[in-house]
Undergrad: 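Here you go, one structure.
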Amino acid sequence: MLVNLDPTDARPLYLQIMDEVRRALVVGTLRAEDPVPSVRELAAELVVNPRTVSQAYRELEREGVLYVRRGQGTFVASGARGDRGEQLALARAVAKRALLDARRNGLGVDELVMTIREVAADEDTATGPSVPALNQSENE
Amino acid sequence: MSRVTVADAMPETCAVTTRGLSKRYDDEVALDAVDLQVPDGAVFVLLGANGAGKSTALKLLLNLERADSGVAEVFGLDTGRHGPQVRAQVGYVPERHDAGYPWMTCGRLLQHVAAYYPAWDHGYAEQLISALDVRRERRIGGLSKGDTRRLQLVLALAHRPPLLLLDEPTDGLDPIVRKRVLALLAEHLADSPTTVLITTHHIHEVESLADHVGVLRAGRLVAQMTRDALQRTVRRYRIELPDGWEPPRDLVVASPRAGRATREVQWTVVGEEREVTDRLTGSGARVREVTSLALEEAALALLPDDGAR
Amino acid sequence: MSYPALHQTPRLADVLREQVRAVALALRTPALVALAILLLGSALAIAEFVTGGGPVDFAPELSMVPAFVGLLFPIGVWKGERRFGTSFLWLLPVDRQRHALAKVTAGWICLMLAVLFFLVWIFVLALATGGNILGEHTVQLLPSAVIPEARTLDPAALRPIRYAPQPVFWLVPFTAATGTYLLASAVALGSRYPLRWIVGVPLGILLVSALGAAADIDWLRFLASRLLGAALEGRYGLDALFTARAESLKTAVVLSTGKTVSVWRGLPDVREWALATFLWFGAGLAALLAATARHREHRPPRRPRSP
């Protein structure tokens, strides 16, 4: 599981970690019953206070995304997967960032949407579809 | 600049508390009525320009210097009255790059110090020695700055002290080793409940490790809050200005960036975002964008950039 | 408010043991140098004996060596230790004054062992060369306080007596070394620049003596001869500490017959020696305690408990 933290992100670190885990679920790099790195490992890898990682894992446990197997570590819960809600949340985050950027450059919403479709179409003809459609991950 | 405090202080126990701690060296004020509170289990980064009093604060906690006035307590123990007991709870990495005696070997010094700490964990010391690549047979007098620093880190961590006082712990180390040291510190925190008080110039290194920040300016503690609170209250605003605009009074602005007669400025302002936005729009400006800052930038905003202490 | 279980401070016995080890390690090089000098001296003494010279006598109260070793010992004991400022010693979880005293004690233990080694060495040499081992021997006693001029003394005025040094004088090397060690340790701990004192004071004394001898100023001469004389060779002076006054009581005199002979103006007295030693120990300990007090923990002034 690859976790990237953005130091300029306004959100508390534990929320970022939680979102990263959810993102991995949506995209499919993390699946049910997969082990997640131990608190110690992840803290060392990210150079983050272990209490922050613990907090993130605890919250995810409460939400039923993760569970702890005694003596063996923390795993992704069997029922957890990237559900529609997660995907939508991710989509909204992407849209927000795009809108922010657009506003800074003086672009309006309609202009932005139109230009996005144009650029996507250009890329498709050039290299073929590279990003799977959102609803495919539901079948895994 | 007035003192910035954010009222989300936790009513937990504090590992380190100082009240009105002051110290001056001849004419220079090192600490001025400092009320420091480091909560139990926190990783507290103490920031400040050179000579702002950071090292003095750590030395006073160890009773290596005498405070002119004020009280300092570590785990409820008065540092002046119970100096040896306090030092038994502390792992200290001093600012200076010297450890022990130049004529001793590293291995011998480790044995020497281990005799003083009944809580010394020999197995863990071995792990640290190999992780930090400390050569036992080398004489301390012949070590480089980086070598000494790594030895000092082993000495500080091996007895798993409840409190770590680290004065520029990565100073003198090359970037790869610095990363390794910080990862080691994260692991150490995962294994043993520890409170950490760090002073460092490399703020970005400890950004994700820290959960509390304190800023010393000319001996005064001008800010002390959680990391989240700092990021919440220091934001960068891109503002569109009408002609002849006057900034609202007591708006705490750090590092204003603009030329004369420009329509748009980018200011780092201290305060809750909603409040600041209201003040700005109320005065006729238009807030185009608000971005949050990395810890380093946010903290720097609280430090003067005019070269003064 | 609950705090984590506190880690213990080390026991004083463990601290002392570790200090003895560390000090012994610090003194390893000087010890080798001293051993080399001892070997050289012994070789010369044996060479002299073999070529017809006298045997080596074992007279522990006459040797100034232990006293000087005691004087120099603190240099080795405190090697590499920055006593003022952020010294490594003060970072450790031990009460600072006690820690300093522990180090001084550790050094003293090493010193006593060194003196013992030295004495055993000389003893063996004396045995090997058939010298006198604190046995009875005849000395020439001159019952007069004034040293006569050369060639004026009549041999008949000398009284030969059988003198056997009391066994308690075997302790003199140890007490002499301890006395100088205490004083030198006090200087090492109490002043930032001990060399200034160690070199400056003897120089100052020399200067005063020279001036007193050369100039005609009454009070300078008084200072030089009476005070300094008393301090060095008086009844409770330094020599009493070093050799129970055996050094200063013994002089070489040229008899009227032209022969040079060693005479004693008096014999070492146990009670006087014990009192002198006691006085010097007291002075040394007082100085040491004052010196270590400079490094004590900074206790805050008593104040009512803050809320």
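In what follows, chains carry the letters A, B, and so on, assigned in the order in which the sequence lines appear, proteins first and then strands, with residues in each chain numbered from 1.
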Undergrad: Take atom CH2 in Trp90(C); do more than 12 heavy atoms of anything else shown fall under 6.0 Å from it?
TA: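 Counting neighbours around CH2 of Trp90(C), more than 12 heavy atoms of other residues, nucleotides or ligands fall under 6.0 Å, so yes.
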Undergrad: Shortest non-hydrogen contact from Pro10(C) to Ala115(B)?
TA: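 Result for this residue pair: CB-O, 4.0 Å.
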Undergrad: Would you mind telling me which of His82(B), Arg66(B), Arg87(B), Arg81(B) makes a side chain to side chain donor-acceptor pair (under 3.5 Å) with Glu297(C)?
TA: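 Of the listed options, the one satisfying the test is Arg87(B).
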Undergrad: Taking the side chain as every heavy atom from C-beta outward, state whether Leu25(C) and Trp103(B) have any atom pair closer than 4.5 Å.
TA: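 The answer is yes; the side chains approach within 4.5 Å.
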Undergrad: To the nearest 0.5 angstrom, please state how far the CG atom of Leu109(B) sits from the CZ atom of Phe88(C).
TA: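 With rounding to 0.5 Å, CG (Leu109(B)) is 4.5 Å from CZ (Phe88(C)).
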Undergrad: Among Ala67(B), Ala119(B), Gly80(B), which residue forms the greatest number of heavy-atom pairs with chain C at distances under 4.5 Å?
TA: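 Most heavy-atom pairs under 4.5 Å with chain C: Gly80(B).
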Undergrad: Please name the pair of heavy atoms, one in Gln19(C) and one in His112(B), separated by the smallest distance, quoted to 0.1 Å.
TA: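 Where Gln19(C) meets His112(B) most closely, the heavy atoms are NE2-CE1, 3.9 Å.
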Undergrad: Let me confirm one number: the CG-CZ distance from Asp98(B) to Arg82(C), rounded to the nearest 0.5 Å.
TA: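 Going from CG on Asp98(B) over to CZ on Arg82(C), the span is 4.5 Å.
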Undergrad: Is the count of non-hydrogen atoms from other residues, nucleotides or ligands lying under 6.0 Å from Arg135(B) atom CZ greater than 12?
TA: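 Result for CZ/Arg135(B): open.
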Undergrad: Considering non-hydrogen atoms only, spot the tightest contact between Pro93(C) and Pro84(B) and give its length.
TA: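 Minimum heavy-atom contact is CB-O, 3.5 Å.
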Undergrad: Crowded around Phe278(C) CZ? As in, over 12 foreign heavy atoms under 6.0 Å?
TA: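 Counting other residues, nucleotides and ligands, CZ of Phe278(C) stays at 12 neighbours or fewer.
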Undergrad: Which answer fits Pro193(B), side chain, backbone, both or neither, if we ask what part of it has an atom under 4.5 Å from a heavy atom of chain C?
TA: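 Nothing of Pro193(B), per the 4.5 Å heavy-atom cut-off to chain C.
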Undergrad: Identify which part of Tyr92(B) has an atom lying under 4.5 Å from any heavy atom of chain C, answering side chain, backbone, both or neither.
TA: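 The side chain, not the backbone.
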Undergrad: Assess whether atom CZ of Arg138(B) is packed by more than 12 heavy atoms of other residues, nucleotides or ligands within 6.0 Å.
TA: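 Yes, enclosed.
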Undergrad: Where do Pro162(B) and His7(C) come nearest, in terms of heavy atoms and distance?
TA: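 Distance-wise, the nearest heavy atoms are CD-CE1, 3.9 Å.
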Undergrad: Only pairs of heavy atoms separated by less than 4.5 Å count here; which of Thr29(C), Asp14(C), Leu92(C) has the most with chain B?
TA: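 Greatest number of close heavy-atom pairs with chain B: Leu92(C).
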Undergrad: Side chain, backbone, both or neither: which part of Arg21(C) has a heavy atom under 4.5 Å from chain B?
TA: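 Contact with chain B: backbone and side chain both.
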Undergrad: Which distance, rounded to the nearest 0.5 Å, do you find between the OH of Tyr101(B) and the NZ of Lys79(C)?
TA: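 It comes to 12.0 Å.
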Undergrad: Closest approach of Tyr117(B) and Leu91(C), non-hydrogen atoms and distance?
TA: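 So the minimum-distance heavy-atom pair works out to OH-O, 4.2 Å.
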Undergrad: Can you establish whether the number of heavy atoms outside Arg96(B) located under 6.0 Å from its atom CZ is more than 12?
TA: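 No, CZ of Arg96(B) has 12 or fewer neighbouring heavy atoms, counting only those of other groups under 6.0 Å.
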